[in-house]
Amino acid sequence: SRRRQVVEVNFNQLKYFVAIVKQGSFWSAAVEEYISQSSLSKQIKALETELGVTLFNRSGNKITLTEAGSCFYSYALRILDIKNEMHKELTEFETTPIEEVKFASIPIVSSYKISSLLSDFQKVNKNRKQVVNYNILEEEQKDVLMLLKNDKVDFAFVRDGFKQLPEYEHRLFMTDEIGLICSQESELAQLEKFEFSMLRDEKIILISPKSEIYRILMEELRKVNRESNVTATMTRHRNVFSMVANNVGITFFTKRMLEQGHTITGMRYVPLTVPIYSNVYIVKRKDKVLNQTTERFWEFLCSKYQEYK
């Protein structure tokens, strides 16, 4: 007789497998679950190895379930349903309610003191007998909007430029000003005001092309035919500021980002003659049902605009 084997399968593998079946492709499932396609493929390969069967017929871009895959799919759905039922019943035994507040943000959490708002919110709600877990995902704007679209977060912090579609609710959270940032050793540091038409052969270092600030600045540089002055882009503003402080080049960034959230010295902010403002919004889907704590936190954030103007 065959020796019975113990199969070790985790819930994520089941969830990814079901997503592929429902979406019809690895790529669509990866987008839905917000993981890379290569990571998803590795998880499914590990699942097939553990089960000792092939779950999918792979033919080019088209995939179908094998006979074993169809059998496993019904079990996967039942197991995930049981998991959800178990979790729901177990929460009734919790002495202290636990609620999760999950949001995404462009890279401004420390610079715009969003993290300190979490502490302020906790103080406001200190009399409520509950534990709040904050799950914060900090990504570039395009990725943040994808998380929001795919319902992976409750709400998000984004800059101007997002599509203000009717299915989204958005509130103005903060307004910041964009200006020239240069080394104190630069000749430009002596200026009181700056115009893009004053650019000559200066090397410009900008934040990631995925960011909304990059889009705004490239639009301004094209107006004066100076987009070729951009010699480097970086994903983190601290790296940009470090190069600027060492007089490697200049940059254009928001004033608040320069003043807060880092310890780099030796730079000067020069305002633009024609100001450019960048607004930060908090955005959520109108059909998104928030838990009570997240709903209170949303309203708490909405009330903070006057303080951040």
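This one's a predicted model, so the numbers in the text were calculated from it and none came from an experiment.
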Q: Where is the tightest heavy-atom contact between Arg268 and Ala189, given as atom of each residue plus distance?
A: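 Taking every non-hydrogen atom into account, NH1-O, 2.8 Å.
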
Q: Could you pull out all residues at least two apart from Ser278 that satisfy side-chain hydrogen bond (donor to acceptor under 3.5 Å, both in side chains)?
A: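 Once residues adjacent in sequence are excluded, the partners of Ser278 under the side-chain hydrogen bond (donor to acceptor under 3.5 Å, both in side chains) criterion are Arg159.
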
Q: For the pair Phe103 and Phe157, name the ring-plane relationship: parallel under 30°, tilted 30 to 60°, perpendicular over 60°.
A: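 Rings of Phe103 and Phe157: perpendicular, as their planes differ by over 60°.
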
Q: Going by the rule ring pair (Phe, Tyr, Trp, His ring centres under 6.0 Å), which residues pair with Phe194 if we only count those two or more places apart in sequence or in a different chain?
A: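 Only Phe252 meet the ring pair (Phe, Tyr, Trp, His ring centres under 6.0 Å) criterion with Phe194.
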
Q: Taking the side chain as every heavy atom from C-beta outward, state whether Asp154 and Trp298 have any pair of such atoms under 4.5 Å apart.
A: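 They are not in side-chain contact.
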
Q: Taking NZ in Lys286 as the centre, count heavy atoms belonging to other residues, nucleotides or ligands within less than 6.0 Å. Is the count above 12?
A: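 Enclosed: over 12 neighbouring heavy atoms sit under 6.0 Å from NZ of Lys286.
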
Q: List for me each residue that meets side-chain hydrogen bond (donor to acceptor under 3.5 Å, both in side chains) alongside Glu212, sequence neighbours excluded, and say none if there are none.
A: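 Per chain and number, Glu212 pairs via side-chain hydrogen bond (donor to acceptor under 3.5 Å, both in side chains) with Arg215.
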
Q: With sequence neighbours excluded, what pairs up with Ser38 under the side-chain hydrogen bond (donor to acceptor under 3.5 Å, both in side chains) test?
A: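 Ser38 satisfies side-chain hydrogen bond (donor to acceptor under 3.5 Å, both in side chains) with Ser36 only.
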
Q: List the residues meeting side-chain hydrogen bond (donor to acceptor under 3.5 Å, both in side chains) with Asn229, not counting sequence neighbours, and say none if there are none.
A: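 Partners of Asn229 under the side-chain hydrogen bond (donor to acceptor under 3.5 Å, both in side chains) test: none.
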
Q: Quick one: do Arg296 and Phe121 satisfy side-chain contact (heavy atoms from CB on, under 4.5 Å)? Show the steps, please.
A: CA-CA 9 Å; Arg296 287 196 300 272; Phe121 179 69; 4.0 Å; yes

Q: Could you go step by step and tell me if Tyr277 and Asp160 meet the side-chain hydrogen bond (donor to acceptor under 3.5 Å, both in side chains) rule?
A: CA-CA 9 Å; Tyr277 296 101; Asp160 297 292; over 6 Å; no

Q: So is Lys83 actually on top of Phe11's ring, under 6.0 Å and inside 45° of the axis?
A: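 Yes, a cation-pi geometry.
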
Q: Using 30° and 60° as the class limits, which term best fits the ring planes of Phe300 and Phe297: parallel, tilted or perpendicular?
A: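 Parallel.
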
Q: Provide the full list of side-chain hydrogen bond (donor to acceptor under 3.5 Å, both in side chains) pairs with a residue in residues 16-35, sequence neighbours left out, each pair given once.
A: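 Passing the test, one end in residues 16-35: Ser25-Ser28.
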
